[in-house]
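Here the structure is laid out as structure tokens; the discussion comes afterwards.
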Number of protein chains: 2
Amino acid sequence: MTPKPGKVTQREIARIAGVSQTTVSMVLNDRDGSNIRIPDATRERVRRAIEQSTYVADPAARRLAGLDNKILGVFTYESALTPESMDFYGPLLNGIERAAESLGCDLLFFTSSPVEEGRRRLFHRQTRLRLADGCVLLGQQMDGDDLERLVAEDFPFVAVGRRDETDAPVPYVGIDYGALTGALLDRAAELGHERILYMHRDRNSPTARDRLAAVARADGPDVALAVVGDDFAGVPGLVAETGATAVFAEDAFLVEDIALALGDEGAGLSLAALAEVRGHRIGGRALSGFHTPRQQIAAEALALLQELISTAPDERGGIEIQRLLQGEVALGDTLTARGGAR
Amino acid sequence: MTPKPGKVTQREIARIAGVSQTTVSMVLNDRDGSNIRIPDATRERVRRAIEQSTYVADPAARRLAGLDNKILGVFTYESALTPESMDFYGPLLNGIERAAESLGCDLLFFTSSPVEEGRRRLFHRQTRLRLADGCVLLGQQMDGDDLERLVAEDFPFVAVGRRDETDAPVPYVGIDYGALTGALLDRAAELGHERILYMHRDRNSPTARDRLAAVARADGPDVALAVVGDDFAGVPGLVAETGATAVFAEDAFLVEDIALALGDEGAGLSLAALAEVRGHRIGGRALSGFHTPRQQIAAEALALLQELISTAPDERGGIEIQRLLQGEVALGDTLTARGGAR
DNA sequence: CTGAAAGCGCTTACAG
DNA sequence: CTGAAAGCGCTTACAG
């Protein structure tokens, strides 16, 4: 007469072991302080009862009673697991999975969040956000209101990528794109480039602004800016007009499109992406750009998140919540000395 | 005097709206049956109070009170998000994410499960399994005890891939590798191959057995079997010995290794994988093998899981819980008519 | 050393 | 039509 398959509770264990349910809880959680002292004999009895049953603590009840859940939320502003998004999210997710493994945490992906204007909404009527002890946010652009609210509610979270869309200080772990951009410009200058064309998508994200700001304060080469959309027909003209000997673009895909649009006219022109270039080649040559430590970002983000989770809101002041990691310039083969065919 | 940031409860809403907490719950859940009839005015008052607050239902409490959580578990016997595993898991995870999105469910990845003997354990002291309404299991090999226990506990779950390691009937959605193998052998026969070498890893998984069984009952060509490990030095000898004009292997990676080991001696030899071959090429030619509908498997698995979740255990009898989907033979370029160079 | 009690935030019979 | 009460399974003061 099994009471109900698959639903053993502490009360049941207590009955078997002949103790109170409280004691079972104490044993399970290794509570062993000044005023609670459970003799090994009792402890052992409870342990055996648990082992012989299929007892597992109900995580919902634990959570309700105020304990950590060992569940970390993962919120992505776009679908994370599509083949296209894996290029960007893949290394991050991999790093997150590994970090979660070693922290003993499960990962809750908020795939249910309703999509509005092409992006998911974090807060909605049925959000399971609170089931997680904390949350990692991923995405090129984030919603400032979401971030404000998370801060206001003292909910532990960490954004991946630098954030500046709020007044409130948002915890983040990101890459120092400004520094990388500066370094790449210096390199271009060394190679003799005096006029560079920077093509970007005019996106309103902090990292996009970081690149633009770094480009704007370049003291070596003269950098012309151009916004591109989906049409690359005007690219050759732009290059000619500006007299650029090198074209930089916001990301590797953009460089690929630009190279395609340039065709033979691109021969002799240097190319580089102000972003991760791993695995990208242009006409057989390794694209110049950056190497960004994305696995490390993920690990660092989860470490920070854990810190926030295990610290009371009013004591988080001591934690350095905004962290920029340094990437490195990937020289590649497409940024070469000025003086090619054109 | 905000009571505590980020923790608005139904009681709070009730106070504001001047109703009982029960009524708030009723409104939230649209309970509107024979004996409960809440006037629109009241309903509206509650709605407004909710909208003006930042109320979100505590999922832990809902769950404890017996409601569905809209959380689906995802358990993988190996790490799912590594670059290497993405080849296999990627399309499945993508399909799962999409299905979860359209079902309005969140996804709980059990990354915390302790690893024993290279594989994760589903059941452990702190498993958050029960937080999910149901669970999808992924992995080439699964633990029979895990499956038995899930069945015994009436926990809704679906395995991806055919299962046969238990007496109890395990719900699964898989590919009919037996049929595919038969079809590929027929094709080989049509192309004049009379002696085929099938190289496999001697894995003890249902799909591995399905392939072997189909190979064994081939009535056309004569198929020799060989187990390979990490050493492929003996491959050329084996081919010569058996007089095979075609070599089949368990998966695309294995074919690649074999092709490498054969080198020039492989010229004229037909090659095929008894598995998904998308994206695999051998010496520039598209590898022959199968196309398996992995996105569809994921969708079907989640649909079945939803069915199980929303059906009481004693009424699940009517559900067809074991589903094999048909893939298709990918002709490719490496399975050609007999009579090449050798 | 150990148990009875209150409480976490919700849902759902059960009374008005 | 609406509220007071019990209960989901757990944890943690608080009494013995």
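Reminder, nothing fancy here: chain letters follow the sequence lines and each chain counts from 1.
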- Message: Within 45 degrees of the ring normal and closer than 6.0 Å to the centroid, is that where the cationic atom of Arg149(B) sits relative to Phe123(B)?
- Response: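 Yes, cation above the ring, under 6.0 Å and within 45°.
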- Task: Establish, yes or no, whether the cationic atom of Arg119(A) lies under 6.0 Å from the six-membered ring centre of Tyr77(A) and within 45° of the ring axis.
- Result: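 Output yes; distance and angle both within limits.
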- Task: Specify the residue among Ala65(B) and Ala65(A) whose closest nucleotide of DNA chain D lies further upstream toward the 5′ end.
- Result: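 The residue mapped nearer the 5' terminus is Ala65(B).
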Just compare [options] and give me whichever is closest to any side-chain atom of [X].
X: Ala61(B); options: dG9(C), dC10(D), dG3(D); value: dG9(C)
X: Thr22(A); options: dT12(D), dT2(D), dG3(D); value: dT12(D)
X: Leu67(A); options: dT12(D), dT11(C), dG3(D); value: dT12(D)
X: Met26(B); options: dC10(D), dT12(C), dT11(C); value: dT12(C)
X: Thr9(A); options: dG3(D), dA5(C), dC10(D); value: dC10(D)
X: Leu64(A); options: dT2(C), dC10(D), dG9(C); value: dG9(C)
X: Pro39(B); options: dT11(D), dC8(D), dC1(D); value: dC1(D)

- Flag the pair Gln306(A) / Val158(A) as yes when at least one side-chain heavy-atom distance between them is below 4.5 Å, and no otherwise.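 Result no, sub-4.5 Å side-chain heavy-atom pair not found.
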- Task: State, yes or no, whether a side-chain contact exists between Leu150(A) and Leu129(A) at a heavy-atom distance under 4.5 Å.
- Result: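 Heavy-atom side-chain distance check passes, below 4.5 Å.
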- Message: Run the side-chain hydrogen bond (donor to acceptor under 3.5 Å, both in side chains) test against Thr111(B) and tell me which residues pass, sequence neighbours left out.
- Response: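 By the side-chain hydrogen bond (donor to acceptor under 3.5 Å, both in side chains) rule, Thr111(B) matches no residue at all.
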- Message: Just by distance, no angles: are the side chains of Thr76(B) and Arg120(B) close enough, under 3.5 Å, to form a donor-acceptor pair?
- Response: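 Thr76(B) vs Arg120(B): donor-acceptor pair found between side chains.
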- Query: Would you say the side-chain atoms of Thr82(A) and Ser79(A) include a donor-acceptor pair closer than 3.5 Å?
  - Reply: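 No.
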- Indicate, with a heavy-atom threshold strictly under 4.0 Å, whether Ala60(A) touches base, sugar-phosphate, or nothing.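 Contact class for Ala60(A): none.
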Return the value, rounded to whole Å, for the distance between atom [atom1] of [X] and atom [atom2] of [N].
X: Arg128(B); N: dC10(D); atom1: CZ; atom2: P; answer: 14 Å
X: Leu28(B); N: dT11(C); atom1: CG; atom2: P; answer: 7 Å
X: Arg45(A); N: dG3(C); atom1: CZ; atom2: C1'; answer: 14 Å
X: Ile50(B); N: dC10(C); atom1: CD1; atom2: C1'; answer: 13 Å
X: Asp30(A); N: dT12(D); atom1: CG; atom2: P; answer: 12 Å
X: Ile13(A); N: dG9(D); atom1: CD1; atom2: P; answer: 13 Å
X: Arg130(B); N: dG9(D); atom1: CZ; atom2: P; answer: 11 Å
X: Gln21(B); N: dG9(C); atom1: CD; atom2: P; answer: 11 Å

- Message: What verdict does the salt bridge (charged side-chain N to carboxylate O under 4.0 Å, His left out) test give for Arg128(A) and Asp106(B), after you've listed the backbone C-alpha separation in whole Å, the side-chain angles of each residue and the deciding distance to 0.1 Å?
- Response: CA-CA 8 Å; Arg128(A) 258 81 63 177; Asp106(B) 292 326; 2.9 Å; yes
Given [N], is OP1 or OP2 found less than 4.0 Å from the side-chain N or O atoms of [X]?
X: Ser25(B); N: dG9(C); answer: no
X: Arg62(A); N: dT11(D); answer: yes
X: Arg63(A); N: dC8(C); answer: no
X: Thr23(B); N: dG3(D); answer: yes

- Item | For DNA chain D, the dot-bracket pattern of Watson-Crick and G-U pairs whose distances stay under 3.5 Å, | for other-strand partners | |||.||||||||.|||
